[in-house]
Structure formats: C-alpha cells, structure tokens
Amino acid sequence: MEKSTRENSTDKKKRSAEIVPSNLGACGWYRLVQQAQMLQICGKEVFIMPPGRYAQMRQNVVWTQRICTEKLAPRMIDFKKKSGCQMIIDFDDLLWDHHGETIPDYNWTRDNMDLVGNTRALDTHLDTMCEQVTVSTPVLKKLLSEFTDDSKIHVLPNMLTYREWGFEERTSYPRQLSFMFAGSETHFNNDKKMYGDFTEPLARYLSKRTVITKHIAPWFLNPSIQYKSSPLSRYARDFYRQATDAKFIVAPLTESLFNKAKSDLKYLESCAIGRVCLCSSFEDGPYEGAHPYQKIPVDATEQHIEFIVDRAEKNYDEILDWQYKYLAGRWLDDHIKDVGDVLGF
C-alpha cells in the first residue's frame with residue numbers, strides 16, 4: 001500500500017497537460033486559459049497552445065474545447081492515437097441539434113455551423129475522442145449524457161480570478177436611474193431587426209431610459225454612451241470603470257434550451273464590479289440563484305418591469321450584499337484544485 005501511494009505521488013509529479021483553447025476570446029479565456037495560468041502559478045507543468053494547434057510534447061493529457069464537427073472529430077481521434085494522450089473536451093454552449101432545439105435564429109453564429117452534423121459527430125465519435133468531458137453547467141452535462149456516460153462529464157462552473165476581478169466593494173452608486181448592457185451581438189440581430197434575448201416590453205422600457213452600452217448597441221436602443229469592445233487583458237478594469245455611471249447592469253435572456261445551458265457569467269461580473277444585475281428569470285435558467293428582487297420574468301409586461309426596477313432601487317443594498325455573497329463561492333483561486341483533479345494533477 002505504501003509503495004502504491006509513493007508511485008501515485010511520483011506519477012502526479014511527472015504529469016503535464018497541454019491546453020488548447022478554441023479561440024482567444026472570452027470562451028477560450030474563461031474556460032481554459034485562466035485555469036491553465038493558475039495551474040502554472042501552482043507549479044504544475046502546463047503548456048498553453050494557440051487555438052487549434054496540437055503538438056506531441058511530453059504531456060499526459062490534452063484539454064481542449066468544442067470538438068464536435070464531422071471534420072474535426074476524426075482528426076482528434078488520429079492525434080490521440082499518435083500521441084497516446086488522454087483527451088478532455090470542454091463544452092460551454094449547446095453547439096448541436098438537440099431534437100430540434102439549438103442555437104436561436106437571432107444568434108449569428110448559427111449560420112456558421114452544421115448543427116445536425118455536429119450531432120452526428122458527437123453521437124459517433126465523442127466516446128472515442130476523449131476520456132473525459134468538462135462542461136460549464138449541469139444542463140450541458142444532462143444534454144451530453146446522451147452521447148457518453150455521465151460519470152465522464154464534470155461540471156466546472158465559470159469562475160472569476162482575484163487578480164482580474166478582485167475589486168474593492170463599492171459603497172456608492174448613482175442616484176439617477178441608468179442601465180448598462182455589456183453583452184455581445186449574439187443576444188440580438190441588428191441586420192434582421194430581431195429583439196433576440198430582449199423581450200419587446202424590456203426593449204420598450206429601456207428605450208425610454210438612460211442606457212450605456214459596451215460593444216455593439218442593439219438596434220432598438222439609443223445609448224447615451226457607447227463604449228468600444230475591450231481586449232481581455234483589460235476587460236475587467238474597463239467594465240468596472242465604465243459601469244460607474246450605471247445603476248443597473250441588464251442581462252436579458254429569452255427562455256430556450258440554448259439559454260438554459262448558458263452560464264451565469266454576466267451575473268458574476270456584475271457582482272464583482274458592485275452593480276446590481278437585472279436578469280431574466282425562467283425555470284432552469286442560469287440566473288435562478290439571483291436575489292428575487294432582481295429577477296425579471298420572461299413574460300413581464302412593461303409595467304411589471306417598472307415595478308421590479310423600482311423595488312430593486314429601494315432594496316439596492318440588500319441585493320448588492322446578496323451578490324457579493326454569491327460571488328464569494330465562485331473565485332477560481334479557491335477552486336483550482338477542482339480543475340487539477342480533473343486533469344489528474
């Protein structure tokens with residue numbers, strides 16, 4: 001028994017991992033890159049590769065993302081055979097057709113994917129491609145269990161790091177009623193004039209108020225300030241500073257299987273910058289852990305939204321305290337061991 005323990009310890013010391021994100025945007029950063037950097041800080045042998053580049057080094061395991069196309073799956077299987085590595089594949093979105101439910105039509109990324117083909121690829125190849133799967137939400141775990149045993153699927157929620165998001169708690173906020181939307185253009189469609197994740201009542205309500213936007217502004221809003229996108233290297237600092245004049249952050253989502261599979265990342269960011277987040281609420285949605293006074297039901301009328309915002313203003317400090325407590329359990333620094341356990345460190 002003692003010999004076995006020593007051997008296992010030695011194996012872990014020799015273990016190394018190759019991290020291959022799918023892109024250098026938020027998806028790659030929040031799911032793999034920041035985890036890899038923290039593992040390096042902890043003294044683990046981790047190599048971070050450019051997106052889509054797999055190399056035969058001295059790694060024991062490769063952790064990569066979103067391998068679900070009929071073109072990439074056979075290549076991944078071939079690389080796995082040649083390298084002899086264990087493979088772990090991460091999914092943070094519903095990128096296949098689940099019995100007719102998939103990416104909403106207002107999301108432009110849908111046009112670039114063969115979603116039915118992705119379903120075939122996962123059904124045929126997922127078990128062969130990898131030993132383990134990581135996902136950002138329990139909903140994704142349930143969906144992927146149709147293709148592989150759920151014991152192989154590990155839920156690693158999206159988290160923030162102290163070094164990027166560890167701001168001092170805000171003690172003041174604007175008196176003026178003002179809102180900020182900092183989501184990407186996947187939440188609406190300006191070309192097709194689609195509200196997307198904004199309900200029409202919410203769009204009408206916000207169109208009459210002071211709104212600040214970051215990235216591309218939705219077609220139905222006329223922002224008083226429109227900030228450009230920020231590189232990830234300074235996104236957290238920019239968001240913290242730019243949200244100074246906003247009383248509320250808005251995080252709208254329509255009710256769909258795709259959105260039920262999404263994470264609560266925008267809520268976490270709002271918690272970190274010290275601004276109350278008004279978030280869409282529906283069964284199994286990502287924001288159901290929010291304070292009851294900050295939830296906007298997806299069927300809310302404009303008058304109901306006005307009531308919710310007024311109530312949130314009156315209970316702002318209470319909601320903010322709730323958010324800080326929520327965030328306290330979602331720092332990657334405190335949970336990096338969970339990542340290391342999946343990778344075998």
Side-chain angles (χ1 to χ4, degrees), residues 17-42 46 48-52 62-68 88-95 103 107 109 132-141 144 153-167 182-187 214-215 229-240 243 249 251 253 258-273 277 279 285-287 289 323 326-340 342-343:
E18 181 177 282
I19 308 299
V20 188
S22 63
N23 58 55
L24 294 179
C27 166
W29 180 259
Y30 282 109
R31 295 301 300 159
L32 263 64
V33 175
Q34 67 173 4
Q35 285 82 345
Q37 290 180 344
M38 190 157 291
L39 286 169
Q40 289 174 335
I41 293 170
C42 294
V46 177
I48 305 174
M49 302 296 290
V62 174
W63 191 21
T64 190
Q65 288 182 287
R66 299 183 166 204
I67 306 299
C68 58
I88 303 173
I89 301 177
D90 181 73
F91 293 93
D92 63 335
D93 266 325
L94 173 61
L95 301 175
I103 302 175
N107 186 326
T109 63
Q132 298 182 84
V133 176
T134 56
V135 294
S136 52
T137 68
V139 173
L140 278 170
K141 176 173 182 174
L144 280 165
I153 307 172
H154 308 275
V155 179
L156 295 177
N158 279 333
M159 297 193 185
L160 303 182
T161 60
Y162 287 127
R163 72 171 184 268
E164 286 189 292
W165 294 93
F167 302 111
S184 75
E185 63 270 30
T186 59
H187 291 281
K214 185 170 178 63
H215 310 307
S229 300
S230 299
L232 282 170
S233 60
R234 67 166 195 262
Y235 176 80
R237 285 172 291 164
D238 282 357
F239 190 26
Y240 180 80
I249 305 298
L253 289 176
F258 180 80
N259 283 338
K260 289 179 179 181
K262 292 189 76 66
S263 80
D264 57 354
L265 181 59
K266 186 55 62 181
Y267 186 72
L268 291 178
E269 292 179 355
S270 301
C271 295
I273 66 170
C277 181
C279 42
Y287 302 132
Q323 289 189 170
Y326 187 98
L327 177 62
R330 297 289 289 280
W331 292 110
L332 180 60
D333 309 60
D334 300 329
H335 294 277
I336 192 62
K337 184 181 182 298
D338 297 338
V339 179
V342 173
L343 271 62

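Just so it is clear, the structure is predicted and the values come from calculations on it, not from any experiment.
- When all heavy atoms of V342 and T134 are compared, the pair lying nearest together is CG1-CG2, 3.8 Å.
- In terms of heavy-atom proximity, N23 sits nearest to G28 at OD1-N, 3.2 Å.
- The minimum heavy-atom distance linking A36 with I19 is given by the pair CB-CG1, 3.6 Å.
- Partners of K141 by salt bridge (charged side-chain N to carboxylate O under 4.0 Å, His left out), not counting sequence neighbours: none found.
- Among residues two or more places apart in sequence or in another chain, the side-chain contact (heavy atoms from CB on, under 4.5 Å) test is passed with T109 by I103, N107, M113, T186.
- Smallest separation of non-hydrogen atoms from L232 and A26: CD1-N, 3.9 Å.
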I273 and I249: CA distance, side-chain angles, deciding distance, side-chain contact (heavy atoms from CB on, under 4.5 Å) verdict: CA-CA 10 Å; I273 66 170; I249 305 298; 4.1 Å; yes
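- With sequence neighbours left out, the ring pair (Phe, Tyr, Trp, His ring centres under 6.0 Å) criterion links Y240 to F167.
- Legend: salt bridge (Lys or Arg N to Asp or Glu O under 4.0 Å) pairs involving residues 22-42, not counting sequence neighbours, sorted by first then second residue: R31-D90.
- Side chain of R330 to backbone of N158: a donor-acceptor contact under 3.5 angstrom is found.
- With sequence neighbours excluded, no residue forms a ring pair (Phe, Tyr, Trp, His ring centres under 6.0 Å) with Y287.
- For R66, the side chain to side chain donor-acceptor pair (under 3.5 Å) partners are D92, D93, not counting sequence neighbours.
- Aromatic ring pairs are classed by plane angle as parallel below 30°, tilted from 30° to 60° and perpendicular above 60°; the pair F239 and W165 is perpendicular.
- Residues forming a side chain to side chain donor-acceptor pair (under 3.5 Å) with K214 (at least two apart in sequence, or on another chain): S230, Q242.
- The structure places CG of L39 at 9.0 Å from CD1 of I48, a figure rounded to the nearest 0.5 Å.
- At least one donor-acceptor pair closer than 3.5 Å links the side chain of T64 to the backbone N or O of V20.
- If you take CD1 on I89 and CD1 on I153, they are separated by 11.5 Å, rounding to the nearest 0.5 Å.
- P50 pairs by the side-chain contact (heavy atoms from CB on, under 4.5 Å) definition with R53, not counting sequence neighbours.
- Going from atom CG of L32 over to atom CD of Q37 covers 11.0 Å, rounded to the nearest 0.5 Å.
- Every residue two or more places apart in sequence or in another chain that forms a side chain to side chain donor-acceptor pair (under 3.5 Å) with E18 is listed here: Q59.
- The two residues A251 and K266 come nearest to each other via the heavy atoms CB-CG, 3.9 Å.
- With a 6.0 Å cutoff to the six-membered ring centre and a 45° limit on the axis angle, K262 does not count as a cation-pi contact of Y267.
- Under the salt bridge (Lys or Arg N to Asp or Glu O under 4.0 Å) criterion, the residue pairs touching residues 331-340 are K337-D341, with sequence neighbours excluded.
- With sequence neighbours excluded, the residues satisfying side-chain contact (heavy atoms from CB on, under 4.5 Å) with Q34 are W29, Y30, T161, E164, L332.
- Atom CG of L160 is separated from atom CG of L327 by 6.0 Å, given to the nearest 0.5 angstrom.
- Taking the side chain to side chain donor-acceptor pair (under 3.5 Å) definition, one finds that Q132 meets it with H154, sequence neighbours left out.
- Under the 3.5 Å distance criterion, the side-chain polar atoms of H335 are matched with a main-chain donor or acceptor of G329.
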